[in-house]
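Comments concern the structure below.
As a basis for the values below, the full set of heavy atoms in this structure was taken, side chains included, without hydrogen atoms, waters or symmetry mates. Letters go in sequence order (proteins before strands), and every chain restarts at 1.
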Number of protein chains: 2
Amino acid sequence: MTKKGMGRVLSEQGHNSDQEMLATMSRHGWRITDQRRTLAQIFTSNEGYLSPKDVYDQMSLKYPSVSFDTVYRNLRMLSEMNVLEQFYFMEGGLKFKASCLDHHHHHLICINCEKTLTFEYCPMEQQMALPGNYKILNHRFEIYGLCEECQESTV
Amino acid sequence: MTKKGMGRVLSEQGHNSDQEMLATMSRHGWRITDQRRTLAQIFTSNEGYLSPKDVYDQMSLKYPSVSFDTVYRNLRMLSEMNVLEQFYFMEGGLKFKASCLDHHHHHLICINCEKTLTFEYCPMEQQMALPGNYKILNHRFEIYGLCEECQESTV
DNA sequence: GTCTATGCAAACAATTTGCACAATG
DNA sequence: CATTGTGCAAATTGTTTGCATAGAC
């Protein structure tokens, strides 16, 4: 029933596989088109964040006549059903990556190639004195750095 | 000379006062115009984030013929010299607030009115096991919630 | 066959740029 | 008075919408 099926194994970091993505689309009543199949592959085979333009470029390789609005439409749709997560880079604008649905965690992001690793530590588990009487709803914790490859190549 | 005279005191949370903002502009070689004076006041008298439109609206009150591009130019300029800090809200787009230059801290942000409180706890002080061999450069930790007033008014 | 997805063109929003005039230092 | 700031209009970029046709179920 659920996407977990019987003996299903999550890909290494708990990302959706492209099959899972397609299943999710289907479950939400969206049709599985060739473009969407390709879109799913693009995101499952990519560890980092992709801009709409990046996605468009990759799509164009297989579908030379693909249009920007289709890319935008699908990116928005996939974000709405939590298959993708959005992130706004101050320098690079809005980007997308496959979201990790199975557990709470935070990200270590390479500011050069944008490859993203997850880690389990969450600061909200600490007892910390917060000012004011806010009703806490959400939080965001990200660490930025240079991954091993980018450290070497940036010398 | 400065508005606080000799025994100058930083405003409660270490924000720049508008005088300090103007001094910074001056120090960077920018001229002090009436609009910029007003702009400084707008940001020092506001705890939350302001969109370019918000700023434009407030500026229009005093300078009915102010133009959007001047607002943008000045916002960009002030961000570049670290007088303002930018923040991209997923829902509301790019916004600005007076930056706190004197010490490291993080923010508790009301998602309704965007009033922002600072707190001292920093998760990077913890020993945490991070994956990969990233060279850590930066981090971001924000907590979102509803401030007391907004909890009441949102019932 | 019905209904959704796509591509095209056009609309729209946010931000930036070029230029002549106004204002600051 | 020399130079920077401003307002106006237009350009640019990123994203969304309307509509006819192609494609999925």
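The separation between A:Tyr72 atom OH and C:dG7 atom C1' is 16 Å, rounded to whole Å. Atoms CZ (B:Phe89) and C1' (C:dA14) sit 17 Å apart, rounded to a whole Å. A:Tyr63 has its OH atom 10 Å from the P atom of C:dG7, to the nearest Å. For A:Lys62 and C:dT6, the NZ to P distance is 15 Å, given to the nearest whole Å. As a whole-Å value, the separation of B:Phe96 CZ from C:dA14 P is 13 Å. Rounded to whole Å, the distance from CG on B:Asn74 to C1' on C:dT16 is 14 Å.
Using a 4.0 Å heavy-atom criterion, one finds that B:Asp34 contacts no nucleic acid atom at all. Residue contacts shown for B:Arg73 include a base, since a base heavy atom lies under 4.0 Å away.
The shortest distance between the side-chain N/O atoms of A:Ser67 and the OP1/OP2 oxygens of C:dG7 is below 4.0 Å.
Counting atom types as modelled, A:Asp69 pairs no side-chain N or O with a base atom of C:dA10 as donor and acceptor under 3.5 Å.
Nucleotides of DNA chain C nearest to B:Leu94 and A:Gly29 differ in position, and the one nearer the 5' end is that of A:Gly29. Position along DNA chain C of the nearest nucleotide to A:Arg31 versus A:Val66 favours A:Arg31 as the more 5'-ward residue.
Without hydrogens or angle criteria, A:Gln151 side chain to B:Asn133 main chain gives a donor-acceptor distance under 3.5 Å.
Listed by chain and residue number, A:Asp69, A:Thr70 satisfy the side-chain hydrogen bond (donor to acceptor under 3.5 Å, both in side chains) test with A:Ser67 (two or more places apart in sequence, or in another chain). With sequence neighbours excluded, the residues satisfying ring pair (Phe, Tyr, Trp, His ring centres under 6.0 Å) with B:Tyr88 are A:Tyr88. Annotation: side-chain hydrogen bond (donor to acceptor under 3.5 Å, both in side chains) contacts of A:Asn46 (sequence neighbours excluded): none. A search for salt bridge (Lys or Arg N to Asp or Glu O under 4.0 Å) contacts involving B:Arg31 returns nothing, not counting sequence neighbours.
In summary, contact between chain B and DNA chain D, defined as any nucleotide atom under 4.0 Å from a heavy atom of the protein, begins and ends at D:dT3 to D:dA9 in the 5' to 3' direction.
Identified under the salt bridge (Lys or Arg N to Asp or Glu O under 4.0 Å) test for residues 114-134 of chain A, with sequence neighbours left out: A:Lys95-A:Glu114, A:Lys115-A:Glu149.
Comparing C:dT6, C:dT24, C:dT2 by their nearest atom to the side chain of B:Thr33 picks out C:dT24. Residue B:Arg76 places its side chain closer to C:dT17 than to any other of C:dT6, C:dT17, C:dA5.
B:Asp57 and B:Ser60 are not linked by any side-chain donor-acceptor pair at a separation below 3.5 angstrom, with hydrogens and angles left out of the test.
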